[in-house]
Each structure stands twice: as C-alpha cells, then as structure tokens.
Amino acid sequence: MEYNFTSIEKKWQQLWQEKGSYRVSNDSSRPKYYVLDMFPYPSGAGLHVGHPLGYIASDIFARYKRLKGFNVLHPMGYDAFGLPAEQYAIDHGIHPAVSTETNINNFRRQLDNIGFCFDWSREFRTSTPSYYKWTQWIFLQLFESWYDRKQAKARPIEDLVQLLEKEGNAHHPCPGEPRLRFTAVEWKGFDVRRKEEILMNYRLSYCGLGEVNWCEALGTVLANDEVINGVSERGGHPVIKKKLRQWYLRITDYADRLLEGLEKVDFSDAMKEMQSNWIGKSFGAEVTFEVYTTAGGGGVAGGGGVKPQLTVYTTRPDTLFGVDFMVVAPEHEILNSVIPDEHKAAVDEYLTYVKSRSERERMAEKKITGCFTGAYAIHPFSGLHIPIWTSEYVLAGYGTGAIMAVPCGDERDFKFAQYFNIPITNIIGDVYNGQEANPTKEAILENSDFLDGLVMKDAIVIAINRLEEKGIGIRKVNYRMRDAAFSRQRYWGEPFPIVWKDGIAVPMEEKDLPLELPHIEKYGPGPEGEGPLANVPEWTARRLETNTMPGYAGSSWYFLRYMDPHNDEVFCSRAASDYWGQVDLYIGGTEHAVGHLLYSRMWTKFLYDRGWIGHEEPYKRLVNQGMIQGSSRFVYRLELRGSHNIDELTRQTPVFVSYGLREGGGELHELVTAAVRNIFDNPNIDLTTIAVSTLHVDVNIVDGVELDLEAFKKWRSEYANAQFVLEDGKYICGSEVEKMSKSKFNTVNPDDLVARYGADTFRMYEMFLGPVEASKPWDTKGIEGVHRFLRKLWRLFFDETKGKIWTTENATDAEWKVLYKTIKKVEEATERFSFNTGVSALMIGVNEITDLNCHKKEVLEKLIITLTPYAPHVSEELWQVMGNEGSILDAPYPTVQEKYLVESSKNYPVAINGKTRTELNIALDATQQQVEDIVLADDLVKKWLEGKSPKKVIYVKNKMINVVV
RNA sequence: GCCCUGGUGGCGGAACUGGUAGACGCGCAGGACUUAAAAUCCUGUUUGCCGAAAGGCGAGUGCGGGUUCGAUUCCCGCCUGGGGCACCA
C-alpha cells in the first residue's frame with residue numbers, strides 16, 4: 001500500500017469538516033488557550049509560500065495544545081477594508097465589495113488546502129455591517145470619553161462636564177489646548193459652540209486639522225512612501241502639504257500605560273524596544289526665549305507691540321550655555337511674525353523647497369539645508385543674541401517644533417554649525433575635540449555661569465530649577481509619539497457615525513448603527529480634498545461625515561470579536577471575554593510593531609477602563625515570524641543594436657546566453673560570438689554593439705539554476721522562437737534574493753506544492769526551512785527531503801509488497817529509548833517554537849526506528865501522536881488504520897518515561913589548553929579527583945602534556961574536561 | 001539619517017544557560033538493485049597540508065581587537081543584508 005497523500009488528505013479534510021472537529025465551545029471544563037494569527041488582508045495576488053508560514057506555526061501550536069488537553073481557540077477572518085481594493089476599483093471599475101469577495105474566496109480555498117484547524121464558524125470580515133457596527137460603536141465610546149490623568153483612566157465625557165461645571169478646568173488641563181484655563185463660572189458662560197469646541201479637545205477620538213501630502217492632480221492624499229522627491233510615485237505630479245480636517249485618536253494620553261504595559265507581556269526585547277522608542281518618552285524642559293527682531297518696527301518688542309517669544313523643548317537644559325543658534329521647524333508659526341523684510345525672500349524660497357519634501361525625506365536627508373530668519377533669541381542668562389534659523393531637520397510635530405542647538409554636544413547641530421559657519425561655543429573643555437560633537441553627560445561644565453564645575457548629568461536638575469524660579473521654563477515630559485490620525489479621504493472603510501450640525505459633530509445614536517456604507521459607482525475624490533462619499537448626494541444631504549476610518553480601525557479589536565462572533569447585542573459579551581481573556585499566543589510579522597500593536601493595545605486599555613472587558617493587555621505572548629524572501633532567477637538576453645535588420649531579427653529570434661557566458665564589460669565570450677553567427681547564419685554580423693540585458697524569469701520554470709528551455713519558450717509568446725547559448729549543455733540562470741512579489745516572477749504558489757507533495761509535506765517543509773522568527777529565502781528544492789521522510793514513516797507501517805507490517809509485539813528497552821528520546825526532543829522544540837528542530841527530531845526518530853527494524857504498534861502510535869500537530873492528515877490516517885478509537889486530534893500526548901533515558905556514563909571530550917584531543921568514557925557520577933586521575937593516566941593526554949604537570953583540570957559535569965598546562 | 005534585526009560548508013540551517021562547530025535536510029560525487037528509468041538503499045562531502053589507508057597536524061562561524069582554562073555565544077570598533085519610520089496592510 002502506497003502513501004497516497006492526495007486521497008488521504010481529501011478524505012480527512014472532508015471528515016473533519018463533517019464532524020465539526022474544529023468547532024470550539026465557549027463552555028468547557030478544560031483550560032483555555034487562545035492562539036491567534038495577525039489579521040490578513042485578502043490581497044488580489046493570492047497566497048504565496050511566504051504567507052502561510054505564521055499560520056502553520058500557530059496551527060502546530062494550537063494542535064499541540066489541544067493534544068495537551070486545552071480548549072483551544074484558533075480563529076481566522078479578514079481585514080477586508082483597505083486601499084488596494086479601492087485602487088483596484090479606480091483602475092478597473094470593479095466595486096471593492098466584489099473584488100474583496102472574490103479575493104476572500106480564493107484565500108479561503110488556498111488556506112483549506114493546507115489543512116488548518118481554524119474554527120471557521122467564527123469567521124467574520126471587517127467590511128460586513130454586522131461587524132463594523134461595533135467598530136463604529138467603539139469609536140462612539142471613544143468620542144464620548146476623556147482621559148482623566150489623575151485617575152489614569154478613560155471616563156465618560158459627562159463626568160468631565162460635571163467637573164467643569166463645578167471647578168472649571170484647573171485640575172484637568174486640556175490635552176488639546178494646554179494653555180487653556182477657565183473657571184466654573186467662565187465655563188457656564190460659554191455658548192454651546194465654544195463648549196463643544198473645548199470638549200472636542202478632551203475627547204479620546206476627536207476632530208482637528210492635520211497636514212497631509214496633497215496631490216492636486218490626483219485629487220488625493222498620499223502616503224509618505226507614495227511621494228518621491230516631491231512628486232507622486234504614480235504619474236509624477238507635484239505634491240504639497242495641505243491642512244485638512246481629520247479625526248484623531250488621543251493615543252498620547254495612553255503613552256505611559258502603553259509603556260508600562262510592556263513589562264507585563266511576553267514580547268521579544270526587540271519588539272518592546274521598538275515600541276518604547278516609538279513612544280519616545282523623554283524628560284527635559286521647555287524654555288522660553290525672548291525674541292529680538294527688526295521686523296515690524298524693530299527692537300525687542302516686535303510687530304504690533306506684542307513681544308514675540310520662542311519656546312523650545314530640550315532634554316539637555318544643562319547645555320544652556322552652549323547654545324549657538326536656534327532652529328525652528330519650517331511650519332513654525334513664529335515665521336509669520338519675526339522675519340525682517342530683507343530676509344523674507346530667502347526664507348520664502350526655503351519654505352517653498354521644504355513644502356515639496358515628504359516627512360520621510362526630511363528625516364532621512366544627510367544633506368544639510370536651512371535658512372537664517374534674521375531674528376534672534378535672547379539668552380535668558382547671558383543676554384547674548386542667538387540667531388534663529390529654520391531647517392527641515394526640525395519637525396513641527398515633535399516637542400514645540402523648535403530646538404536650541406548645542407553644536408559641541410549634538411552631532412546634527414555640530415554639522416549644521418560647521419556647514420553654515422556658525423561659531424561653536426565649547427562648554428566641556430577637553431572633552432570636546434573640535435572635530436565632532438560629544439553627547440556625553442559625564443563632562444564637567446565650563447563657560448556656563450552658575451553651572452560651572454558641575455557634572456552635566458547633575459546640572460540638568462539645577463538648570464531646570466533655575467529656569468522655573470525665573471519663570472522662563474518648566475520641567476516637561478515629552479513623547480515622540482503623536483496622536484493617531486484616524487481618518488482617510490477614501491471610500492472603502494468604515495463610515496463615521498457622525499452628523500455635522502452647524503459645525504458641531506453630533507454622534508449618532510447606538511440604535512441607528514450600523515451606519516452603512518452607501519454603494520457607489522465612481523470612486524474618484526470629492527471636492528476640496530474630501531473623500532468619495534462627498535460625491536454621494538444622499539450622504540451629504542444627511543450631513544454625514546465624509547471621511548472614513550483607516551485600515552487599522554477594524555483590526556484594533558477583532559481578537560475580541562472571535563470570542564463571541566455572532567452577538568448582535570454587544571461587541572463581545574463580558575462572559576465570553578472573561579472566559580477567553582488574553583490572546584495566549586499571537587503570531588505575526590514585525591512590520592506591525594508600532595502600528596497595529598500599539599493601536600490594539602490602546603483600544604483594549606480603553607475598553608478595560610470603561611469596564612467592557614476585564615483585561616487591559618490584548619496579547620500575553622507575541623511571536624514574530626520572519627519574512628520568506630523570494631529567490632529570483634535571471635536570464636540574459638542579447639540585444640543587438642546598431643543595425644535595423646539585426647534588431648528585427650533578435651525580436652523574432654531572441655537570444656539568451658547562459659549565466660557563465662554573459663560577461664558584463666565589453667567583450668563577448670567567443671562561444672557567444674560563434675553561436676550568434678550561427679543562429680543568424682551570417683559570419684560577418686557586426687557584434688560591436690551587442691549588449692546583454694538581465695531579465696527576471698519565472699522561478700517555477702527553473703530547476704535549481706537550470707532553465708527548462710521548453711517551458712521557457714511557452715512562458716511568453718515572444719520567446720517561442722528563443723535561441724540559447726548553453727554552457728555544458730545547460731542554460732544556467734543567475735540568482736538573487738529579493739522580496740517575493742509577482743513583478744519579480746519569484747512567487748511560488750502553495751497550491752502547486754500541495755498538489756505535488758501534499759499538505760503534510762508542505763507544512764513540515766515550511767517549518768523545516770529554518771526558525772519561524774528568521775527571514776529566509778524560499779527554495780523549493782529541499783521539499784523532497786521532507787517528503788521522503790513521510791514516505792519513510794509510511795514504510796514503518798506498510799510494505800509495498802507485503803502490505804501491513806506493523807505488529808502488536810512488545811517493544812524492547814532500546815526501542816522505547818529511541819521513542820522517548822524523540823518525543824522529548826519534539827516536545828521541547830515545539831514548546832519553544834523551534835519547529836525546524838522539531839521536524840529534524842522527528843526525522844532522526846524515524847531514521848533510528850527504521851534502523852532498529854521496529855514496526856510495533858505501541859511505539860508507532862505514540863510517535864504519530866507527536867507528529868500530529870505537524871502532519872495531521874497522515875497521522876490521523878495511520879491512527880485509524882491501526883484500529884484506534886476516536887480521532888487522533890484528541891489523543892493524549894505521550895508522557896516521556898525517563899527511566900528509559902537514564903545514562904550512567906558519558907563520552908567526555910578531553911581538551912588540552914582548550915583544544916579537544918581525545919574522548920574518554922567516564923561515569924556521570926565521577927568526582928573531580930576521579931576524573932583527574934583517569935584523565936592524567938591517559939596515554940594521549942600524557943603525550944600532550946610532554947611531561948609537564950597540569951596547572952589545573954577543569955571538569956564540567958556532563959559537558960567536558962579541559963586540562964590547562 | 002534614526003530605531004530594530006541578521007551574517008556559520010556549495011545551499012536552508014543545528015549547536016537551548018560560555019563547554020566536542022557543521023545535527024537534520026538539500027545539492028553534489030561514487031556505489032548497490034534494475035534491460036533501463038523512477039523509487040529505494042549504502043558510502044563520502046568545511047577547508048589546507050601529510051598519508052595507500054587508518055589517521056595525524058593546522059585553519060575556520062562577515063572583518064579587526066578584547067575578556068576567559070575555553071567564545072558562533074559576552075564586550076568594543078568596522079563592513080554588509082533585511083524590516084520599520086506614523087495615509088500599504
């Protein structure tokens with residue numbers, strides 16, 4: 001009987017589905033375990049072999065936990081709103097709902113192929129009204145909440161209104177307008193509009209103005225990476241900064257808790273570091289400088305008699321006397337009032353340049369640019385006039401959008417000063433060498449007035465105290481993180497349940513949710529930078545918000561919905577969320593490190609604050625899967641330019657040369673020359689203008705690096721007559737590791753591999769490729785090895801001619817030893833997500849059992865239980881074949897019998913001065929003295945000692961022995 | 001530019017807490033079975049030198065230093081691949 005994986009896999013997939021084997025109940029006596037994959041966006045390109053990597057890993061773990069007796073929730077659904085579907089609609093006129101449906105069906109079919117244990121009865125899509133009803137509902141709760149910094153939690157906005165009526169906002173400063181102060185009496189005096197304006201500045205989801213990359217020609221807002229050198233990636237149209245009305249989430253209020261929460265979760269240190277760097281909490285001071293300018297009449301009192309001031313944020317107030325210039329962001333409002341006429345032209349020119357630059361470019365730029373404003377800040381202690389510059393390296397959104405530059409201590413400031421010839425003040429003596437800045441905090445300050453002689457890190461506090469005393473500065477905690485932009489001028493997203501009445505945002509009532517997305521036929525932008533919904537008359541007539549929510553809205557809470565997916569009373573019942581609690585294991589890529597993970601952590605904290613769920617961190621443990629890269633293959637095409645008829649010939653008969661003959665510079669390989677003359681039957685052909693161009697070729701028609709010539713000719717009609725110049729009778733392709741993508745022809749479709757080798761082989765091979773966390777290139781070649789392993793396993797049960805060969809004899813100690821050693825390794829590997837070594841342990845196990853010629857049921861059935869998470873289909877088949885009751889999915893995971901594994905001695909490596917010279921078998925319970933005696937008596941050791949007496953003998957039990965001479 | 005991360009045979013990788021570097025698999029080479037092929041099995045496979053062989057000596061985990069009896073593992077500096085940088089998801 002042969003290993004017929006296709007029929008086995010089909011059979012079991014069908015049976016499992018019929019029996020509902022993957023249905024999970026919210027009511028179980030077993031302990032719960034929640035395994036989740038990051039929400040997939042169903043892209044039109046379908047799955048390539050890189051996508052299922054994380055799903056296979058989580059599937060193995062979910063199945064493993066089930067065998068270990070847990071009630072395991074392992075759901076799947078779709079993050080179905082998003083830009084690609086909308087762009088596809090714009091390009092092809094297909095409604096996003098239609099293309100999304102098609103994509104999802106394809107996605108599902110591909111997933112089913114691989115044999116996952118998802119509970120599909122819990123599936124949902126973010127774009128379905130029954131789901132986004134609750135996304136809208138949570139948005140409304142955010143809108144109706146504010147963050148009480150005293151209690152460090154979100155509270156209903158009515159509570160705030162009551163407080164403001166009682167005591168004004170003295171105890172609860174306004175996060176959106178920090179300088180705003182009013183009393184209870186003043187509050188009561190405000191009109192409705194003013195009150196709403198103020199409340200908006202407290203709400204956790206709020207509407208404000210924000211700068212976006214605006215492309216007039218496309219009529220849309222662009223992402224930073226869609227803007228290249230100031231023009232749109234598509235079409236090359238100019239892009240400028242434009243202020244638009246936007247919704248935001250006040251995630252900055254949660255900054256501290258998002259930071260602290262990292263201590264309670266099991267994420268990698270790298271992940272935690274990335275998140276805390278993103279949050280970017282820093283301690284420092286805001287310092288306000290008087291400004292001297294001749295603009296608008298001159299003198300310290302600038303235009304109109306209002307004294308202009310410049311407030312900067314610094315983490316290093318100790319360097320206050322090393323300030324040589326100030327830099328304000330190009331967007332800084334001070335530029336409107338302090339520039340003397342003679343500097344206006346230069347500054348305007350600079351600002352025009354900056355407007356064309358994306359934030360990304362501004363941050364990445366090495367080239368130094370900037371412009372002197374003509375105004376000066378007055379040093380609060382020395383009274384010196386410090387020139388104020390503007391430069392793109394200072395960003396408006398961070399701190400106050402202005403910095404005090406200390407070139408001797410900051411590398412960027414130093415380079416700026418050097419470039420513009422600004423004299424540098426040294427406040428740290430010898431510690432600054434004049435060649436580069438020194439950012440130390442350990443130096444002793446000089447030239448620093450009241451800070452002279454102090455160590456810098458001690459001077460920080462003293463400087464802040466003095467600034468506060470003088471009333472020109474305050475201690476300040478700052479965050480790099482900004483509030484999250486929560487609106488898009490797009491169609492394919494959740495509509496905001498907001499009605500605009502006289503410029504006031506009025507939330508819709510819960511009973512009117514969901515606010516359904518209207519059907520549209522045209523996907524173009526609306527007027528004034530508004531989204532497509534602004535073109536829908538029925539929509540605008542109701543004065544509904546025309547923005548939609550961004551891609552991450554639906555994915556910020558989906559893990560809760562899986563717990564109770566069909567509930568239409570509430571987003572997730574408290575009973576369900578209390579039962580399942582945190583996601584125990586979350587698997588996904590690091591590309592979500594700071595976006596999705598922070599947003600969903602914030603939403604969870606918010607829902608917890610308001611009492612709708614009982615835990616405040618969504619994910620207990622996070623494992624990051626690496627990327628599977630593509631391994632591209634190249635062919636080298638000859639281009640014969642210069643003579644028209646030859647050019648025509650190469651079009652009809654394209655000529656490709658093998659990798660080793662391609663030659664880069666000038667000279668052609670003689671084989672090529674001869675071949676070309678032969679192909680075109682023209683000995684005098686002019687070869688001096690031949691060029692070789694490199695083209696991607698479909699990796700699926702290349703075996704290793706050898707091109708399948710016939711398949712290549714069929715690949716594209718223009719290659720039907722292709723001619724090849726071979727080396728050793730083969731066409732060898734070039735290769736390179738790149739991102740896996742259709743345009744590079746390096747994608748490999750899992751469907752093909754499953755058809756050829758089966759899902760079990762495919763699953764194991766994906767794991768065998770390397771650690772889940774690591775990025776690695778895909779190479780189909782090695783899959784044979786894993787497939788051979790499964791066939792070899794099969795041969796433990798069946799023989800081609802004899803049929804069934806497994807027996808019910810009792811196993812020997814040696815057989816038990818091999819089995820339990822294997823189980824132990826597999827179990828340990830699975831526990832620590834080292835699935836590649838898990839597969840390898842199974843291979844070794846099967847090799848050794850085969851070597852022992854063991855076909856005993858009691859050994860084999862334990863072995864296949866441990867194999868089940870990795871290769872469920874073949875395991876279930878063999879389980880049934882051996883006559884076992886019930887499904888192997890719920891079989892008890894075998895317990896390792898340690899008694900078979902006990903060893904009494906070990907072959908120790910013996911090293912002389914760190915170099916291994918021999919091996920000695922020594923009892924495991926040997927003492928130091930016994931070991932020394934044995935080792936020093938050994939002839940080989942004596943030889944290496946050359947008569948010298950050893951200094952010491954290092955003996956690490958169960959590890960090694962080292963003799964130091 | 002900033003933050004995170006990786007670099008080990010021809011290739012994917014193993015070595016879990018500083019203790020025999022290269023498990024397992026691919027590929028390659030040689031062999032067995034076969035009319036032949038497929039499948040399967042066996043042997044070898046980091047590298048240099050010596051040796052018919054058994055084996056021996058040396059080098060070796062991106063590069064250069066350091067700590068240690070001992071470093072792929074820890075520390076410092078450098079080179080280089082990948083991911084992220086707020087409207088791709």
Side-chain angles (χ1 to χ4, degrees), chain A residues 38-41 43 79 81-84 87 210 212-213 220-226 246 268-271 273-278 280 359-367 393 397 411-412 480-485 487-490 550-552 555 589-596 598 624 626-627 629 631 704 737 739 765 768-771 773-779 781-786 788-789 791-792 795 800 828-829 832 834 836-837 839-844 847 907-919 951-954 956 958-965:
Chain A
M38 281 189 188
F39 219 13
Y41 176 81
S43 107
D79 189 12
F81 276 133
L83 227 47
Q87 190 57 44
V212 294
N213 297 315
T220 53
V221 178
L222 298 175
N224 276 332
D225 53 52
E226 292 175 306
Q246 301 281 2
S268 69
D269 288 343
M271 175 60 62
E273 218 167 316
M274 274 190 270
Q275 291 203 4
S276 63
N277 288 340
W278 181 265
E359 203 173 321
R360 179 82 51 87
E361 288 168 329
R362 284 173 56 178
M363 286 188 296
E365 193 57 82
K366 276 199 216 170
K367 199 175 75 194
Y393 83 90
E411 197 52 38
R412 255 187 149 161
R480 200 185 73 94
M481 182 168 68
R482 310 195 289 256
D483 278 341
S487 51
R488 301 290 182 262
Q489 289 69 47
R490 297 286 183 175
Y552 64 82
S555 61
T590 41
E591 66 271 24
H592 298 286
V594 290
H596 161 66
L598 280 175
N624 292 112
M627 287 230 311
Q629 293 146 322
S631 183
V737 172
K739 203 174 179 139
Y765 184 56
F768 189 59
L769 225 42
E773 297 91 335
S775 291
K776 56 247 161 189
W778 178 267
D779 180 10
K781 269 245 122 130
I783 198 168
E784 300 271 0
V786 174
R788 256 171 237 156
F789 155 75
R791 303 183 87 98
K792 192 164 182 177
R795 288 199 304 272
E800 263 179 67
E828 280 171 4
R832 63 188 169 96
S834 179
N836 55 329
T837 55
V839 174
S840 131
L842 285 161
M843 286 174 165
I844 296 169
N847 287 344
N907 264 334
Y908 280 94
V910 180
I912 317 292
N913 282 336
K915 283 199 162 83
T916 307
R917 296 300 181 184
T918 185
E919 269 184 14
K951 239 189 235 157
K952 84 177 143 172
V953 177
I954 293 159
V956 183
N958 211 8
K959 294 282 183 194
M960 46 64 70
I961 294 158
N962 188 15
V963 182
V964 185
V965 187

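Sequence lines set the chain letters: A, B, ... in the order given, protein chains first and strands last, and positions in each chain run from 1.
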For atom [atom1], what is the distance between [N] and [M], given to the nearest Å?
N	M	atom1	result
B:A14	B:U8	C1'	10 Å
B:U47	B:U5	C1'	30 Å
B:A29	B:U34	P	23 Å
B:U67	B:G6	P	26 Å
B:C69	B:C63	P	25 Å
B:G18	B:U68	C1'	9 Å
B:A71	B:G62	P	15 Å

What is the nucleic acid contact for [X], judged by heavy atoms within less than 4.0 Å: base, sugar-phosphate only, or nothing?
X	answer
A:Pro40	nothing
A:Ala593	nothing
A:Ser487	base

- [ ] Could you encode protein contacts along nucleotides 42-48 of chain B as a string, one character per nucleotide from 5' to 3', using B for base contact, S for sugar-phosphate-only contact and - for no contact, with a heavy-atom cut-off of under 4.0 Å?
- [x] -------
Task: Where protein sits on nucleotides 64-73 of chain B, one letter per nucleotide: B base, S sugar-phosphate only, - none, heavy atoms under 4.0 Å - done: -----B----
Any N/O pairs under 3.5 Å between the protein and nucleotides 26-33 of chain B? List them or say none.
from: B:C26; atom 1: OP1; to: A:Arg788; atom 2: NH1; distance (Å): 2.4

Task: Dot-bracket encoding of pairs in RNA chain B, which uses [ ] for pseudoknotted crossings and | for another strand, Watson-Crick or G-U under 3.5 angstrom - done: (((((((..(((......[....)))((((((.......))))))(((((....)))))..(((((..]....))))))))))))....
Short side-chain N/O contact to [N] OP1/OP2 from [X], under 4.0 Å:
X	N	result
A:Arg917	B:G58	yes
A:Arg488	B:C88	no
A:Arg482	B:A86	no
A:Asn836	B:G25	no
A:Asn224	B:A86	yes

Between [X] ([atom1]) and [N] ([atom2]), how many Å, whole number?
X	N	atom1	atom2	value
A:Asn277	B:C85	CG	C1'	11 Å
A:His596	B:G84	NE2	P	16 Å
A:Asn907	B:G19	CG	C1'	16 Å
A:His592	B:C85	NE2	C1'	15 Å
A:Asn213	B:C85	CG	P	14 Å
A:Glu773	B:A14	CD	C1'	15 Å
A:Glu828	B:A15	CD	C1'	14 Å
A:Met271	B:G6	CE	P	13 Å

Closest listed nucleotide, where the reference is the side chain of [X] and the choices are [options]:
X	options	answer
A:Met481	B:G19, B:A86, B:U20	B:A86
A:Met843	B:C87, B:G13, B:C24	B:C24
A:Ala223	B:C88, B:U20, B:A23	B:C88
A:Lys915	B:A15, B:C24, B:A59	B:A59
A:Thr837	B:G19, B:C88, B:A15	B:A15
A:Tyr41	B:C24, B:A89, B:U20	B:A89
A:Gln489	B:G12, B:A86, B:C87	B:C87
A:Arg832	B:G25, B:G13, B:C16	B:C16

- [ ] Please answer whether the main-chain N or O of A:Gly914 pairs with a side-chain N or O of A:Asn962 as donor and acceptor at a distance below 3.5 Å.
- [x] yes
Open item on the list: Any side-chain to backbone donor/acceptor pair from A:Tyr908 onto A:Lys959? Under 3.5 Å, distance only.
Closed with: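 Pair absent, no side-chain N/O of A:Tyr908 close to backbone of A:Lys959.
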Check: protein-nucleotides 77-83 of chain B nitrogen or oxygen pairs below 3.5 Å:
none

Task: Residues forming a side chain to side chain contact (heavy atoms under 4.5 Å, CB included) with A:Asp269, sequence neighbours excluded - done: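 Side chain to side chain contact (heavy atoms under 4.5 Å, CB included) check on A:Asp269 returns nothing, list empty.
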Open item on the list: Do A:Thr590 and A:Met271 make a side-chain contact, defined as non-hydrogen atoms from C-beta onward lying under 4.5 Å apart?
Closed with: yes
- [ ] Report yes if some heavy atom in the side chain of A:Thr837 is under 4.5 Å from a heavy atom in the side chain of A:Arg832; otherwise report no.
- [x] yes
Task: side chain to side chain contact (heavy atoms under 4.5 Å, CB included), paired with A:Phe789, selected from A:Asn847, A:Val839, A:Leu842 - done: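 The option that passes is A:Leu842.
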Task: Nearest-nucleotide comparison on RNA chain B, the residue closer to the 5′ end among A:Asp269 and A:Val221 - done: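 Result of the comparison: A:Asp269.
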- [ ] Assign B:G48 to syn or anti; the rule is syn for a glycosidic angle within 90° of 0 and anti otherwise.
- [x] anti
- [ ] Go through the N and O atoms of the side chain of A:Glu273 and the base of B:C3, and report whether any donor-acceptor pair is under 3.5 Å.
- [x] no
